[in-house]
Amino acid sequence: YNKTIIQKIKHQCFVLRTIKKYDIVTTVSKHMQSYLTQNLGREIIHIPNGIDKEVFFDDNIKREKIILYVGRLVEFKGVKILFDMAKKINGYKFIFIGDGPLKNNINLPNVEFLGKKDSNIVRSYYNKAEFSIFPSKYENFPLVGLEAMACGSIVITSSILGFKEYIINEFNGFLINMSSADELIKNFNLICSRNDLDIIKRNSTKTIEKYSLMNIVDKYYNTYKLKDI
C-alpha cells in the first residue's frame with residue numbers, strides 16, 4: 001500500500017492490533033488472506049464476494065459494438081489507458097459508468113460518460129456490451145468482473161491478483177498486458193480474431209455459479225455458526 005508515515009503507524013498500532021482481538025477475521029480474496037495471515041499470525045478465513053443473480057444475468061439480447069467500463073474514474077483504475085485506446089480504435093463505442101476526477105477528461109464522438117447508475121441500468125449495459133474492460137493497477141476482489149461475466153459480456157482485465165481470483169486466462173475471460181494503449185490494442189485485436197468467444201462466454205456464466213449471493217451468505221452463516229458466537 002502507498003501509505004503515508006502517519007497512515008503506516010496507524011495501521012500497525014491500531015488496525016492490526018485491534019483485528020488481533022476479533023473472534024473471527026474474514027477476507028474476500030486469497031491474496032489478502034495471505035497478507036493478513038503473515039502480518040497477524042492468526043487464522044484468516046477466506047470468503048469471496050458474491051453477486052445477486054436476480055439482478056445480474058444474461059438477457060440474451062443482441063450485443064452491440066460497445067466496450068464498457070464500470071467503476072471509479074481514478075488514476076489507479078487505469079482508465080487513461082482506455083481513453084488512449086478510444087483515440088486509436090475504430091468501430092467501437094466506449095461507455096464509462098461511474099464517477100471520479102477523470103470523468104469527462106476526454107471528448108470524442110465514440111466516448112460517453114454516464115455517471116453513476118443503479119444496478120438494473122448497469123446490467124442493461126453489461127448485456128449490450130460485447131466487451132467489458134477493466135485495466136486496474138490493483139484490486140482486492142472486484143465485483144465488476146463477475147457482474148459482467150454473469151451478463152454474458154466478454155471480460156478483459158489487467159493481469160493482477162484481484163482478477164486472478166476468478167478469471168482463468170483464455171477459459172472464462174482474458175488477463176492481458178495493459179502497460180500501454182498500444183499493448184492493449186494489440187491484445188484486444190487478437191482476442192477479437194478468436195473463434196471460441198462463445199465458449200469463453202459460456203464458461204464465464206458457469207463460473208459465477210459459485211459466487212451467487214446465497215452461496216456466500218451460507219459461507220458466512222456457517223462460519224459464525226461453527227464458532228458458536
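Values below: all heavy atoms of this structure, side chains included; hydrogens, waters and symmetry mates excluded.
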Yes or no on ring-ring contact (aromatic ring centres under 6.0 Å, His included) for Phe188 and Phe131, after CA distance, side-chain angles and deciding distance?
-> CA-CA 10 Å; Phe188 177 75; Phe131 296 97; 5.0 Å; yes

Return the [atom1] to [atom2] distance between [X] and [Y], rounded to the nearest 0.5 Å.
X	Y	atom1	atom2	value
Tyr92	Asn110	OH	CG	12.5 Å
Lys201	Ser153	NZ	OG	8.0 Å
Met32	Thr37	CE	OG1	11.0 Å
Ile81	Ile185	CD1	CD1	9.5 Å
Glu165	Ser29	CD	OG	5.0 Å
Asn169	Leu175	CG	CG	5.0 Å

Give a yes or no on whether a salt bridge exists between Glu75 and Lys137, defined as a side-chain N under 4.0 angstrom from a carboxylate O.
->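 Between Lys137 and Glu75 there is a salt bridge, with a charged N closer than 4.0 Å to a carboxylate O.
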
Charged N-O contact under 4.0 Å between Glu64 and Lys93 =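 Judged by the 4.0 Å cut-off on N to carboxylate O distance, Glu64 and Lys93 do not form a salt bridge.
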
Please test Asp198 against Ile200 for side chain to side chain contact (heavy atoms under 4.5 Å, CB included), starting from the C-alpha separation and ending with a verdict.
-> CA-CA 5 Å; Asp198 285 340; Ile200 287 170; over 6 Å; no

Same cluster (ILVMFWY, side-chain, under 4.5 Å), [X] and [Y]:
X	Y	result
Tyr224	Val217	no
Leu143	Leu213	no
Val74	Val144	no
Ile61	Phe57	no
Leu161	Leu146	no

Donor-acceptor pair, side chain of [X] and main chain of [Y], under 3.5 angstrom:
X	Y	value
Tyr166	Tyr211	no
Asn120	Val55	no
His46	Thr26	no
Ser136	Glu139	no

Yes or no on side chain to side chain contact (heavy atoms under 4.5 Å, CB included) for Ile154 and Glu130, after CA distance, side-chain angles and deciding distance?
-> CA-CA 6 Å; Ile154 298 292; Glu130 190 174 342; 5.8 Å; no

Quickly, which of Ile216, Asp218, Val28 forms a side-chain contact (heavy atoms from CB on, under 4.5 Å) with Ile47? Name it, please.
->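 For Ile47, the side-chain contact (heavy atoms from CB on, under 4.5 Å) test succeeds with only one of Ile216, Asp218, Val28, which is Ile216.
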
Considering only heavy atoms from C-beta outward, does the side chain of [X] approach that of [Y] to under 4.5 Å?
X	Y	value
Leu108	Phe94	no
Leu114	Tyr125	yes
Ile95	Ile97	yes
Met85	Ile67	yes

Closest contact, heavy atoms only, [X] versus [Y]:
X	Y	answer
Asp23	Arg42	O-NH2, 3.3 Å
Met178	Ile133	CE-CG2, 3.8 Å
Ile51	Phe56	CD1-CB, 4.5 Å
Pro135	Gly78	CG-O, 3.2 Å
Leu68	Ala129	CB-CB, 3.7 Å
Cys151	Arg123	SG-CG, 3.6 Å

Before giving the answer on side chain to side chain contact (heavy atoms under 4.5 Å, CB included), spell out for Arg194 and Phe174 the whole-Å C-alpha distance, their side-chain angles and the decisive distance to 0.1 Å.
-> CA-CA 12 Å; Arg194 296 175 66 108; Phe174 297 92; 3.8 Å; yes

If you count the non-hydrogen atoms of other residues, nucleotides and ligands that lie under 6.0 Å from CG in Asp118, is the total more than 12?
->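 It does: Asp118 CG has more than 12 such atoms within range.
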
Should we say atom NZ of Lys103 is surrounded by more than 12 heavy atoms from elsewhere, each under 6.0 Å from it?
->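 Counting neighbours around NZ of Lys103, more than 12 heavy atoms of other residues, nucleotides or ligands fall under 6.0 Å, so yes.
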
Would you please indicate yes or no on a ring centroid separation below 6.0 angstrom for Phe163 and Phe141?
->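 Between Phe141 and Phe163, the centre distance exceeds or equals 6.0 Å.
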
Pair listing, side-chain hydrogen bond (donor to acceptor under 3.5 Å, both in side chains) test, anchored in residues 172-183, at least two apart |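 For residues 172-183, and leaving out neighbouring residues, the side-chain hydrogen bond (donor to acceptor under 3.5 Å, both in side chains) pairs sorted by first residue read Lys88-Asp182, Asn172-Thr207, Asn177-Ser179, Glu183-Lys186.
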
Partner of Asp58 under salt bridge (charged side-chain N to carboxylate O under 4.0 Å, His left out), chosen from Arg63, Lys53, Arg202 |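 Exactly one pass, corresponding to Arg63.
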
Geometric cation-pi criterion, Lys225 with Tyr221: 6.0 Å, 45° =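 Ring-cation test returns no.
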
Is a side-chain donor-acceptor pair under 3.5 Å present for Asn127 with Ser124?
->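 No donor-acceptor contact under 3.5 Å links the two side chains.
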
Mutual orientation of the aromatic rings belonging to Phe96 and Tyr69 [parallel < 30°, tilted 30-60°, perpendicular > 60°] |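 The rings of Phe96 and Tyr69 sit tilted, inter-plane angle from 30° to 60°.
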
So Leu36 and Asn39, side chain to side chain contact (heavy atoms under 4.5 Å, CB included) or not? Walk me through it.
-> CA-CA 5 Å; Leu36 290 174; Asn39 281 271; 5.6 Å; no

